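What follows is a set of notes on a single structure, which appears directly below.
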Amino acid sequence: MLDKNYDHKTVESRIYKKWEESGYFNPDNLPKRHKKPFTIIMPPPNANGHLHAGHALFVTLEDIMIRYKRMRGYKTLWVPGADHAGFETQIVYEKKLEKEGRSRFNMDRQDLYKEIYSFTLDNKKFVEEEIKILGASCDWSREKFTLEPEVVKEVQKTFKKMYDDHLVFRGKRIINWCSKHQTTLSDVETTDEEKKDAFYYIQYGPFVIGTARPETKFGDKYVVVHPKDSRYAQYKDGDTFEVEWINGKITATLIKDEAIDMDFGTGAMTITPWHDAIDFEIAEKYKLDKEQIINFRGKLLPIAGEFAGLKIAEARPKIIEKLKSKGLLVRVEENYIHNVPCCYKCKTPIEPQIMDQWFVKMKSLAESALKVVDDGKIKFIPDNYEKIFRYWMNNSIDWNISRQIVWGIPIPAKICTSCDFAFPDLKDKESQCPKCKGLLKKDTDTFDTWFSSGQWPLLSLGYSQGKDWKIFHPTDVMETGHDLIFKWVPRMIIFSLYLQKQIPFHTVYLHGLVNDAKGHKMSKSKGNVINPINIIDKYGTDALRMALIVGNSPGTDMSLSEDKIRGYKNFANKLWNIHRFINSNTEKITADLKKISSYSDKILLKELSEITKDITSDFEEYRFYLAAEKLYQYIWHRFADVIIEESKPILAGPDIKAILSRQQTLIVIFSQVITMFHPFMPFITEEIYQTLPIKDKNYLIITPRPK
RNA sequence: GGACAUUUGGCGCAGUUGGUUAGCGCGUCGCGUUUACAUCGCGAAGGUCGGGGGUUCGAGUCCCUCAAUGUCCACCA
């Protein structure tokens, strides 16, 4: 006799092991009917911590797609992975070092690398274990780590190829510099923080200029106004002035340029090309001098005179004091609210700096990606993300791919110490500059993680080392978070098109954030984090999966509450008890459609076939949230509440034929429903299916779905 | 400043191309132990679908407009 309470703990771990042993997670082991490939590349979770609710959501969604397609007879491949997550992991590790009173800045590069490597491998194990707990039916034999030697080699080859194709170049550009992390960041790695500062009006020769950053102004010797600004009509482009400035007299030159906003401040500004992107552009345009004012540690350089060596925050009030004493401070507007770009990890204000960095020329690549989307070759779910994608592709700027951190794939390049010429050197053989015969040094930078992640659909399939990519690339669905619509999705499209002239996937399914019950973002500091593994221990994977799926439409953030999860644990128990009822009423009977003779039973089957059709179309259209809810409704409120209740008098009645017909009907309906429902609650459905009286059973994971 | 979303009973959400009395879960209130399930069953209360205007025989669903909320992007020195 079965226990009247369903025990998820024993069932779930036992079943997962059986599935693994069956080998069916690997497409090569699937029965012959599985011919057409269906592939999903798992976005590799960062191997620097445990899984969170967002991971549980993506694993569930992808597993649903894979299980559905597998049961439909596809040769399904879901490639799991783990991401070394360059900058992200380095930051996690730096925090750990900080706690131990250590710092990466006084560590040997090799030692640091080794430490982070073993830290990452440890976390990778946790992550793998947790993905299994979530029920992921992915092919572990094909698991890829983003720092495997083959991956590194391929990524470096791509770099060389792009250099040869003039798509990668090294140049002095203005970049985003994080003074805390001592590295450059790409544009998508900065975030705006609202800050309240003072806004100063300062006399600059005959002009009054406005600034929130007086500490950058030491070297300013160009003042810019709009050519149509009547206030400055008496001055001509190129006029020079003697200006009494912070540390004495300088000669200033007037420039008239339309980049100026006449309505802002006084309509006149001085430029600091080394520390401002707009100023840099103006300086480039007119070939003006550029001078560094702030060093990479965020301290003032000797150009600041008496202020040299001071940090910006310390220097600012002192500089203002001096300007005041010299009578140059015109007025101060307090409470000036503006957005300041900051490091997306530590919120340190970004200090723009001019540096020699590697860049990818994005224009032609972005155009190629735009074209395949225009041609309808790649679809977005929900489709409004297509617009966001388009916007980004039309406005993409050159991509800085070098990072000054050790944790990542090394940029295989040499740089000339005398003429700065830089070029790829995959084999690390060159020692003399081909241009000036100067001494070469090895580039110590690593690639932006997205440079390698962008190639992941090919890399995870082995690319040039294996045959897999020829079978499984282009893949089918890329399922990922909507925040990666900029960071990741376009880059995968770009790289697959560039390297193989193929799209990497035909469908992009984007999920939203998993928030707490009240819709607030989960964060450790708020203490509202739902840990999926703890939840599973309490309610089971199946319950968590349902709670993550029902009512969660693509692209929108969802609220997850423990109440909701508990509700689906109850549902698991309901399923279990339906199963107990059916088992105890159908002893010594094997399912056989032909024995269903009564009219009312045939009506029930017809109803089921209509529901099946409806739910199948929901699956095909990626409406998992609807399919799951409809099945739930049918199972509980139609099958259990009505059909089973109606069956009780029939089964207890005198009509043998009617009893037999009803017994068959119950088995047929239940087994079909269980089969359809399997992608959502894989464990309990498999467990139940194994005890149903059906001939020639295999694992439910490869059982064909009803049509 | 721009873009994209969201707004449906106390809370969280469905409602797919406009079509009968707008659904679900949780919660609330009654009642209930009957061949599975009290992690349950039966029943009930509770919504003028953000405001306004329009199209239509018919609008939660389409169009216009306003508002609130959220997210992203850009940015003024």
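The structure displayed is predicted, hence computed values, not measured ones. Chain identifiers are assigned alphabetically (A, B, ...) following the order of the sequence lines, protein sequences preceding nucleic acid strands; residue numbering begins at 1 within each chain.
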Is it the case that more than 12 heavy atoms not belonging to A:Lys521 sit under 6.0 Å from its NZ atom?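 It does not: A:Lys521 NZ has 12 such atoms or fewer within range.
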Using a 6.0 Å cut-off, check whether atom NZ of A:Lys363 has over 12 heavy atoms from anything other than its own residue.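 Atom NZ in A:Lys363 is not packed in, count stays at 12 or less.
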Check A:Glu562 with A:Lys564, please: is the shortest side-chain N to carboxylate O separation under 4.0 Å? no
With a 4.0 Å cut-off on N to O distance, would you call A:Lys487 and A:Glu189 a salt bridge? no
When you get a sec, tell me which of [options] is the closest nucleotide to the side chain of [X]?
X        : options                : answer
A:Trp636 : B:rA36, B:rG41, B:rG27 : B:rG41
A:Asn570 : B:rU39, B:rC73, B:rC4  : B:rU39
A:Asn339 : B:rA74, B:rC42, B:rC37 : B:rA74
A:Phe581 : B:rA77, B:rU35, B:rC37 : B:rU35
A:Asn585 : B:rA36, B:rU35, B:rA77 : B:rU35

Sort out the partner of [N] for me: Watson-Crick or G-U wobble, both distances under 3.5 Å, none otherwise.
N      : value
B:rC37 : none
B:rG58 : none
B:rU16 : none
B:rU7  : B:rA67
B:rG1  : B:rC73
B:rC49 : none
B:rA44 : B:rU28

Please report the distance separating the [atom1] of [N] from the corresponding atom of [M], rounded so that it comes out in whole Å.
N      : M      : atom1 : value
B:rA77 : B:rC64 : C1'   : 40 Å
B:rG52 : B:rA59 : P     : 15 Å
B:rU33 : B:rG10 : P     : 33 Å
B:rC49 : B:rG41 : P     : 32 Å
B:rC73 : B:rC26 : P     : 38 Å
B:rA74 : B:rC11 : C1'   : 37 Å
B:rG9  : B:rA5  : P     : 22 Å
B:rC13 : B:rU55 : C1'   : 30 Å

Phosphate-side-chain proximity, A:Lys574 and B:rG41, N/O vs OP1/OP2 below 4.0 Å: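 Checking A:Lys574 against B:rG41: at least one side-chain N or O falls below 4.0 Å of OP1 or OP2.
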Give [X] one of three labels, base, sugar-phosphate or nothing, depending on what nucleic acid heavy atoms sit under 4.0 Å from its own.
X        : result
A:Phe486 : sugar-phosphate
A:Gly567 : nothing
A:His637 : sugar-phosphate
A:His482 : nothing
A:Asn5   : base

Working for side chain to side chain donor-acceptor pair (under 3.5 Å), residues A:Asn577 and A:Arg580: CA-CA 5 Å; A:Asn577 279 291; A:Arg580 287 176 66 218; 2.7 Å; yes
Whole angstrom value for the distance that separates [atom2] of [N] from [atom1] of [X]:
X        : N      : atom1 : atom2 : value
A:Asp483 : B:rC73 : CG    : P     : 10 Å
A:Tyr385 : B:rC72 : OH    : P     : 10 Å
A:Glu194 : B:rC73 : CD    : P     : 15 Å
A:Glu646 : B:rC42 : CD    : P     : 13 Å
A:Glu281 : B:rA74 : CD    : C1'   : 13 Å
A:Asp516 : B:rC26 : CG    : P     : 20 Å
A:Lys569 : B:rC40 : NZ    : P     : 11 Å
A:Asn515 : B:rG70 : CG    : P     : 12 Å

[N] base / [X] side chain donor-acceptor hit below 3.5 Å:
X        : N      : value
A:Lys630 : B:rU16 : yes
A:Lys4   : B:rA38 : no
A:Asp192 : B:rC75 : yes
A:Gln633 : B:rA14 : no

Counting only N and O atoms by type, is there a donor-acceptor contact under 3.5 Å from the side chain of [X] to the main-chain atoms of [Y]?
X        : Y        : result
A:Arg491 : A:Phe486 : no
A:Asp279 : A:Thr272 : yes
A:Lys324 : A:Val330 : no
A:Asn528 : A:Asp516 : no
A:Thr507 : A:Lys379 : no

Give the ring-plane orientation class for A:Tyr6 versus A:His8, where under 30° counts as parallel, over 60° as perpendicular and anything between as tilted.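 Tilted, since the angle between the ring planes falls between 30° and 60°.
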Classify the ring geometry between A:Phe389 and A:Phe380 as parallel (under 30°), tilted (30 to 60°) or perpendicular (over 60°). tilted
Check: A:Leu651 and A:Phe581 side chains under 4.5 Å, non-hydrogen atoms: yes
Heavy atoms within less than 4.0 Å of RNA chain B: which residues of residues 614-628 of chain A have one? Give them sorted by number. A:Asp618, A:Arg623, A:Tyr625, A:Leu626
Within the sub-3.5 Å range, which N or O atoms of nucleotides 8-13 of chain B have a protein N or O partner, and how far apart are they?
from: B:rG12; atom 1: O3'; to: A:Ser559; atom 2: OG; distance (Å): 3.2
from: B:rC13; atom 1: OP1; to: A:Ser559; atom 2: OG; distance (Å): 3.3
from: B:rC13; atom 1: O3'; to: A:Gly551; atom 2: O; distance (Å): 3.1
from: B:rC13; atom 1: O2'; to: A:Gly551; atom 2: O; distance (Å): 3.4

Let me spell it out: for each of A:Pro649 and A:Asn384, pick the nucleotide of RNA chain B with the closest heavy atom. Which residue's pick is nearer the 5' end?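 The 5'-side residue here is A:Asn384.
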Taking for each residue the nucleotide of RNA chain B bearing the nearest heavy atom, is the 5' side occupied by A:Tyr632 or by A:Ile650? A:Tyr632
